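Shown next, in structure tokens, is the structure this report addresses.
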Protein chains: 2
Amino acid sequence: MTNHLDALRDIVGAANIATGSDCDKWNHDWMGDYHFSPLAVVRPANTDEVSRVMQLAHEVGLPVVPVSGNTGLAGGTYADGAVMLSLDRMNTIREIRAESRIAIVEAGVILYALSTAAQDHGLLFPMTFGARGSAMIGGILSTNAGGSNVLRYGNTRDLCMGVEVVLADGRVMDLMSELHKDNSGLNLRNLVIGAEGTLGIITAAVMKLAPQPLAYATAMLAVPHLSDAVGLLNQLQKITGGAVSAFEYMPKSYISRYLATIAGAKPPFEGSHDVNILVEVGATAPRDATPQDDGSVPIVSLLETELARMLEIGTLRDAVIAQNDAQRAEMWARREAAAEVTSAQQPMINNDVCVGIDKVETFLTTAIARIQAIDPEATDTCVSHLGDGNVHYIIFPSSADPELRDKLVETVEDVVQSLGGSFSAEHGIGLSKLPSMRRRKDPVALDVMRAIKAALDPKGILNPGKVIPR
Amino acid sequence: MTNHLDALRDIVGAANIATGSDCDKWNHDWMGDYHFSPLAVVRPANTDEVSRVMQLAHEVGLPVVPVSGNTGLAGGTYADGAVMLSLDRMNTIREIRAESRIAIVEAGVILYALSTAAQDHGLLFPMTFGARGSAMIGGILSTNAGGSNVLRYGNTRDLCMGVEVVLADGRVMDLMSELHKDNSGLNLRNLVIGAEGTLGIITAAVMKLAPQPLAYATAMLAVPHLSDAVGLLNQLQKITGGAVSAFEYMPKSYISRYLATIAGAKPPFEGSHDVNILVEVGATAPRDATPQDDGSVPIVSLLETELARMLEIGTLRDAVIAQNDAQRAEMWARREAAAEVTSAQQPMINNDVCVGIDKVETFLTTAIARIQAIDPEATDTCVSHLGDGNVHYIIFPSSADPELRDKLVETVEDVVQSLGGSFSAEHGIGLSKLPSMRRRKDPVALDVMRAIKAALDPKGILNPGKVIPR
């Protein structure tokens with residue numbers, strides 16, 4: 001092993017390799033669910049160094065776990081005894097071509113840095129979520145991150161045009177395309193994206209940018225029934241020409257917990273409602289965004305008129321439109337407090353699931369009935385990216401008993417599966433969802449994944465033991 | 001072989017297997033570039049029959065070539081001595097869920113049938129191209145078809161949420177997801193899409209639908225320089241909030257050939273211009289589409305005002321807006337005559353290439369200079385989906401000499417490659433682009449494709465000899 005460390009040191013330089021207690025920054029996951037002892041953390045400066053690290057690892061059979069921002073939620077960077085390969089020094093935004101709306105970036109660029117750089121060009125990099133100040137492009141691509149704007153802009157995969165990938169044996173695969181159309185053989189880019197570092201290490205990427213919205217119309221809506229929500233979303237998409245960028249559901253149980261947990265929290269409405277929805281419309285056309293003589297903003301007026309109509313005919317129980325940035329921020333703060341609000345009560349079980357957007361209500365009513373049949377004292381809550389069917393479904397069981405936990409998780413999975421849904425919407429598999437993957441994924445698909453993994457990483461050194469159950 | 005035919009007959013029924021001259025409908029490609037003798041054509045009724053055909057083929061080592069509408073342009077259905085597996089009997093639209101905007105279809109559904117069914121639900125299936133009356137969903141997915149609306153709606157891959165796939169050994173892989181978010185392991189759906197039947201046979205799919213535009217604003221624009229076009233596109237996207245669905249370039253050379261070739265053809269403008277662009281904006285919001293008291297349609301008025309401004313400041317040389325459906329149809333007919341117009345002069349070489357949208361002009365000026373340095377009498381023309389960088393670049397060489405042809409094709413590829421472009425934008429590889437694939441694709445990517453192919457189809461029976469050069 002000492003020889004291997006020397007060889008790694010020769011590649012990245014003594015200043016860029018950490019061992020023992022110097023690994024403290026990397027030897028656990030963000031949530032604190034996993035703690036481990038990496039053999040070393042290496043921090044290559046460029047693709048060539050990544051390639052040489054992988055050549056060495058392949059030659060001697062060293063396991064390698066790539067890490068960028070380390071903000072994953074599924075234990076994907078667990079690296080006991082392995083070399084952690086940190087992309088953090090490869091953090092250059094190589095180029096932004098505003099007219100073509102692309103950014104060429106290295107894997108270690110922090111999400112927030114790319115967002116800011118895009119903004120400086122009058123453009124938007126639409127991916128955003130809580131960890132944006134730490135998460136890096138390499139990890140976002142490797143986990144195909146989602147977030148609150150997927151409804152309008154898609155997942156990370158939809159925002160990527162090209163990647164550069166270092167394979168298990170150190171070869172560099174150049175797929176750095178800037179092309180909207182490229183039918184030249186098997187689509188390897190989409191295979192590597194979301195593979196959580198099991199097939200290769202993404203070192204650079206070509207990302208898509210979008211026009212920066214010039215104005216937002218943001219509102220809180222109270223709807224009589226969750227089953228009305230899809231119709232409501234479609235109607236709002238219709239009047240805005242498809243400009244709805246967020247459609248987030250918070251049930252009464254979440255709002256109550258929010259008010260009880262967060263200091264200074266304000267309720268969304270005077271009264272209390274079962275179904276609370278945060279909707280945001282981003283206007284990119286000047287005619288929608290330019291303030292009129294009376295100070296009104298057309299996109300806001302359009303939403304106001306429609307919501308007034310809906311209140312009158314009873315489609316809505318209540319509605320509040322943000323009148324300024326502070327009110328908009330308050331609406332978002334209520335939604336973004338989810339991690340803090342739901343973790344305030346322990347034990348809790350966080351299920352990141354997805355069903356068809358017309359099946360969310362069925363999922364929620366079925367799940368709690370099935371859960372309480374097992375654990376009568378259990379309660380639940382959720383926040384949901386309702387516009388894309390993604391539910392962060394939280395169970396508060398009566399005890400921390402691991403067997404009960406497993407049983408409840410399996411129960412949620414049963415319900416999800418019966419509705420054709422997924423047990424992992426946006427957090428990925430990593431280590432923590434391997435049992436679900438084994439139980440729930442189509443067995444033929446699992447076999448195909450194993451065959452591809454064996455073909456591309458025959459020694460099994462790339463993020464071993466993750467994503468694909470043995 | 002007789003035994004194999006008997007076994008195939010047992011699976012699909014005697015009425016659904018063709019041999020010898022009964023194969024006339026299938027024994028050539030659409031363009032007539034390839035003629036061949038299939039061992040048989042089998043027409044299974046359902047996924048189970050497809051699976052049993054593949055089990056048999058795998059057991060005895062029979063090559064199998066899937067075929068649906070057979071309108072491909074790269075010889076992908078060449079099947080000399082192979083079993084052709086036609087999906088044409090699996091043509092049921094199983095379900096359209098309008099609220100969720102999805103269609104669940106079998107692989108043999110004809111594109112036009114899906115478009116019509118979506119329209120009946122007030123929705124749009126956005127994929128469209130010349131062969132829409134014959135092309136089937138299975139083939140569209142297998143080739144990741146493109147067309148004129150990619151700018152707004154993406155390629156076929158972007159319109160698909162789930163697939164069912166029969167593997168080389170007959171196992172059925174169920175990836176029939178209806179989910180906007182599903183991070184459960186390697187993305188096998190996107191790998192099978194665009195694989196041209198080399199990894200599996202797509203038997204069913206979940207496709208995305210979009211709101212039907214309520215009104216179109218369609219115009220022909222004459223621009224001083226092609227280099228101004230990207231700025232023009234961005235400006236039109238800005239004023240319409242991203243509603244431009246087509247942005248098609250026709251040079252003067254194409255317009256001249258169109259006028260000379262097509263009976264009754266009318267020029268786009270009174271004068272003749274170097275750079276002619278067909279632009280179309282689809283308005284889905286009632287406020288953009290509802291006729292006003294004076295009969296004007298807001299989206300058309302918006303475009304009119306902007307084009308008048310551009311004419312005044314010299315951004316445009318000329319502009320004509322379609323005032324009715326007939327004028328819109330005339331504009332599209334001019335563009336859609338491309339196959340007829342360009343094949344009127346022989347010999348011709350059709351190159352389906354893609355470059356970054358800001359590099360189309362450089363590509364065109366460099367290509368013709370390089371071509372005429374080799375063949376001084378050669379001329380060129382093109383039509384281009386300029387909004388996505390896809391150029392159908394046509395060379396008329398001075399002779400049909402195959403060596404000259406190869407040299408000119410390689411020259412075009414040189415220019416494309418020097419600009420980071422692709423030698424195959426939307427037509428795929430099939431047989432005809434195998435040499436280009438060998439020459440131009442990243443060699444590491446080719447190796448990875450070979451490894452995946454060998455892992456999933458170890459006997460090499462699925463569409464053998466296509467897409468991936470040996």
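Because the structure is a prediction, the values reported are computed rather than measured. Throughout, protein chains are lettered first and strands after them, A, B, ... in sequence-line order, and every chain is numbered starting at 1.
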Contact part of Pro211(A) toward chain B, heavy-atom cut-off under 4.5 Å: side chain, backbone, both or neither? neither
Please test Arg171(B) against Asp442(A) for salt bridge (Lys or Arg N to Asp or Glu O under 4.0 Å), starting from the C-alpha separation and ending with a verdict. CA-CA 11 Å; Arg171(B) 283 178 302 166; Asp442(A) 179 64; over 6 Å; no
Side-chain donor-acceptor contact under 3.5 Å, Asn187(B) with Asn190(A): no
What are the two closest non-hydrogen atoms of Ile239(A) and Pro286(B), and how far apart are they? CA-CD, 4.3 Å
In terms of heavy-atom proximity below 4.5 Å to chain B, should Thr143(A) be classed as side chain, backbone, both, or neither? backbone
Which atoms of Leu456(A) are under 4.5 Å from chain B, going by heavy atoms: the side chain, the backbone, both sets, or neither? side chain
Checked Leu188(B), Leu191(B), Ile102(B), Val165(B) vs chain A; the most non-hydrogen pairs under 4.5 Å come from Leu188(B)
Over all heavy atoms of both residues, which pair between Ser100(B) and Ile357(A) is shortest? Give the atoms and the distance, please. OG-CG1, 4.0 Å
Rounded to the nearest 0.5 Å, how far apart are CG of Asn183(A) and CD1 of Ile193(B)? 11.0 Å
Turns out that what part of Val172(A) lies under 4.5 Å from chain B's heavy atoms comes down to backbone
With only heavy atoms counted, which part of Met173(A) is less than 4.5 Å from chain B, the side chain, the backbone, both or neither? both
Can you say whether Leu233(A) sits under 4.5 Å from chain B via the side chain, the backbone, both, or neither, judging by heavy atoms? neither
Identify which part of Arg157(A) has an atom lying under 4.5 Å from any heavy atom of chain B, answering side chain, backbone, both or neither. side chain
Return the minimal non-hydrogen interatomic distance between Leu175(A) and Ala445(B), and the atom names on each side. CD2-CB, 4.0 Å
Heavy-atom proximity to chain B below 4.5 Å, by part of Arg440(A): neither
What pairs with Arg439(B) under salt bridge (Lys or Arg N to Asp or Glu O under 4.0 Å), at least two apart in sequence or on another chain? Glu410(B), Glu413(B)
Closest non-hydrogen atom pair, Leu186(A) against Ala195(B): CD2-CB, 3.6 Å
Go through the atoms of Asp358(A) and report whether side chain, backbone, both or neither lie under 4.5 Å from a heavy atom of chain B. both
Under 4.5 Å from a heavy atom of chain A, the part of Leu199(B) involved: side chain
Heavy-atom pairs under 4.5 Å with chain A, option from Ile452(B), Val355(B), Asp182(B), Val467(B) with the top count: Asp182(B)
